[in-house]
Q: 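Pasting a structure below so you can have a look.
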Amino acid sequence: MERVHNFNAGPAALPLPVLEQARDEMLNYRGSGMSVMELSHRSAHFEGIIRQAEADLRSLLGIPDHYSVLFLQGGASLQFAMLARNFIPSEGSADYILTGAWAKAAVREAEKRGRVRVIGAADALERDNFNHVPSPAELDLDPKAGYLHFTSNETIHGVEWAADAEPEPPAGVPLICDASSNIASRPLHAAKYAMIYAGAQKNLGPAGVTLVVLRNDLLERVPSRLPVVLDYKAMAENKSLYNTPPCFSIYMVGLVLKWVKDIGGLEEVARRNATKATKVYKAIDDSGGFYRGHARPDSRSRMNVTFRLPSEDLEKKFARESDAQGLVGLKGHRSVGGLRASLYNALPMESVEVLVQFMGEFLRKNG
Ligand code: PMP
């Protein structure tokens with residue numbers, strides 16, 4: 001059976017060796033006589049799976065010992081609500097940097113719980129349909145904020161903070177990052193965040209598990225009487241096993257992390273991601289204006305390349321013809337329009353080469 005070139009925005013491509021290993025272990029996981037889906041979450045086998053996944057994540061992302069690593073459910077969308085319930089101070093507020101659709105969703109949920117200050121030239125950015133991230137000078141940071149929240153990669157708009165230009169909070173203000181769509185795509189300086197969270201379904205594995213990395217001193221702020229599944233302290237004290245975790249998704253994340261280690265770790269992943277993104281942006285920039293990137297060059301995402309064509313008819317034709325040639329998932333999100341190529345870790349270089357070739361041919365025929 002042919003596998004397609006998978007440019008889906010998430011759930012997205014998984015590494016072939018990971019899928020093959022999951023297939024091989026499907027009916028009898030390491031002599032247990034059952035699949036991972038049939039194991040007790042209290043069994044030694046599953047304990048081995050979740051602790052190995054945590055250990056690999058800690059070593060890959062360089063997560064210090066005074067951080068908790070949680071495997072939760074509810075997606076990044078639940079984190080929008082949960083982190084606000086845990087960390088917006090009852091007398092104060094939290095700062096949110098508005099960079100696109102996902103930051104906006106985070107703000108909407110936080111506002112249901114407490115006071116939120118939206119910072120960073122939000123009106124101007126919205127007028128430009130979120131085609132760049134704000135500069136440090138545009139951030140009117142509150143030194144007393146309960147925390148500063150930002151979105152390291154905007155999946156829909158295709159805008160990403162450069163690794164060395166992510167926002168810096170005032171001293172003592174915890175930095176919280178939604179890294180759903182670029183986690184583990186480059187080396188991470190984990191200690192600069194108080195909390196980092198990500199749905200797994202782009203770079204880490206299948207949908208169903210959400211990774212939360214949290215500095216332990218934040219747990220002291222968790223208010224009492226939260227529903228237990230919304231309480232980071234309860235989840236951390238029980239090492240993600242207060243209730244039944246998404247066992248199979250965690251197992252898959254473990255296999256993906258092992259694959260990342262096998263191919264050379266995050267430096268190698270970052271090198272490949274930079275090469276892949278450069279190839280697609282070059283096809284855009286060399287097209288004489290036929291393809292137009294949505295993001296400003298200084299804010300271009302390495303994960304989600306968003307671009308327009310001269311007309312909506314041509315965009316529809318591009319999506320239709322690419323799909324027919326086995327390039328799947330290129331239709332853009334309706335709020336930006338046009339096309340979007342998601343180039344997550346597991347997307348092979350070959351898929352990018354096929355896409356670039358298709359873009360060249362499409363330009364020749366329609367330009
Ligand atoms: N944040 C970002 C940056 C996302 O890309 C997404 C999903 N595409 C979400 C949050 C929401 O994640 P979920 O669907 O897992 O709730």
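Order of appearance sets the numbers: ligands from 1, and atoms from 1 within every ligand. These numbers come from the heavy atoms of this one structure, side chains and all, not from hydrogens, waters or symmetry mates.
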Q: Working to the nearest 0.5 Å, report the span between CG of L188 and OH of Y193.
A: 5.0 Å
Q: Does either side chain, that of E38 or that of S35, offer a donor lying less than 3.5 Å from an acceptor on the other one?
A: yes
Q: Does ligand 1 have any atom that is closer than 4.0 Å to a heavy atom of K202?
A: yes
Q: Taking only Lys NZ, Arg NE, NH1 and NH2, and the carboxylate oxygens of Asp or Glu, determine whether K104 and E126 approach each other closer than 4.0 Å.
A: yes
Q: Within the 4.0 Å heavy-atom shell around N153, which atoms of ligand 1 are there?
A: 3 (C)
Q: Between H157 and H294, how do the two ring planes meet: parallel, tilted or perpendicular, split at 30° and 60°?
A: tilted
Q: Does the pair E160/R186 count as a salt bridge with the N-to-O cut at 4.0 Å?
A: yes
Q: Considering the heavy atoms of Q201, write down every atom of ligand 1 situated less than 4.0 Å from one of them.
A: 13 (P), 14 (O), 15 (O)
Q: Should you measure from each heavy atom of D178, which atoms of ligand 1 turn up under 4.0 Å away?
A: 1 (N), 2 (C), 3 (C), 10 (C)
Q: Considering only protein heavy atoms, which is closest to atom 16 (O) of ligand 1, and at what distance to one decimal place?
A: S77 OG, 2.6 Å
Q: Measure E154 to ligand 1 on non-hydrogen atoms and call it side chain, backbone, both or neither using the 4.0 Å cut-off.
A: neither
Q: Which pairs of donor and acceptor atoms, one on a side chain in residues 235-248, lie under 3.5 Å apart (sequence neighbours left out)?
A:
{"unit_1": "N238", "atom_1": "ND2", "unit_2": "A234", "atom_2": "O", "d": "2.8"}
{"unit_1": "S240", "atom_1": "OG", "unit_2": "F71", "atom_2": "N", "d": "3.0"}

Q: Which pairs of donor and acceptor atoms, one on a side chain in residues 198-207, lie under 3.5 Å apart (sequence neighbours left out)?
A:
{"unit_1": "K202", "atom_1": "NZ", "unit_2": "A9", "atom_2": "O", "d": "3.1"}
{"unit_1": "N203", "atom_1": "OD1", "unit_2": "N345", "atom_2": "N", "d": "2.8"}
{"unit_1": "N203", "atom_1": "ND2", "unit_2": "I183", "atom_2": "O", "d": "3.0"}

Q: Verify whether one side chain among S311 and D313 offers a donor that lies under 3.5 Å from an acceptor in the other.
A: no
Q: Please state which part of A76 comes within less than 4.0 Å of ligand 1, counting heavy atoms only: side chain, backbone, both or neither.
A: both
Q: Checking a contact table here: which protein heavy atom is nearest atom 3 (C) of ligand 1, and how many Å away?
A: T155 OG1, 3.3 Å
Q: Suppose I only count heavy atoms of G75 and a 4.0 Å limit; which atoms of ligand 1 are within that range?
A: 15 (O), 16 (O)
Q: Applying a heavy-atom cut-off of 4.0 Å, say which part of I156 lies close to ligand 1: side chain, backbone, both or neither.
A: neither
Q: At less than 4.0 angstrom from any non-hydrogen atom of S180, what atoms of ligand 1 do you find?
A: 1 (N), 2 (C), 3 (C), 4 (C), 10 (C)
Q: In the protein, what heavy atom is nearest to atom 11 (C) of ligand 1, and what distance, to one decimal place, separates them?
A: W102 CZ3, 3.4 Å
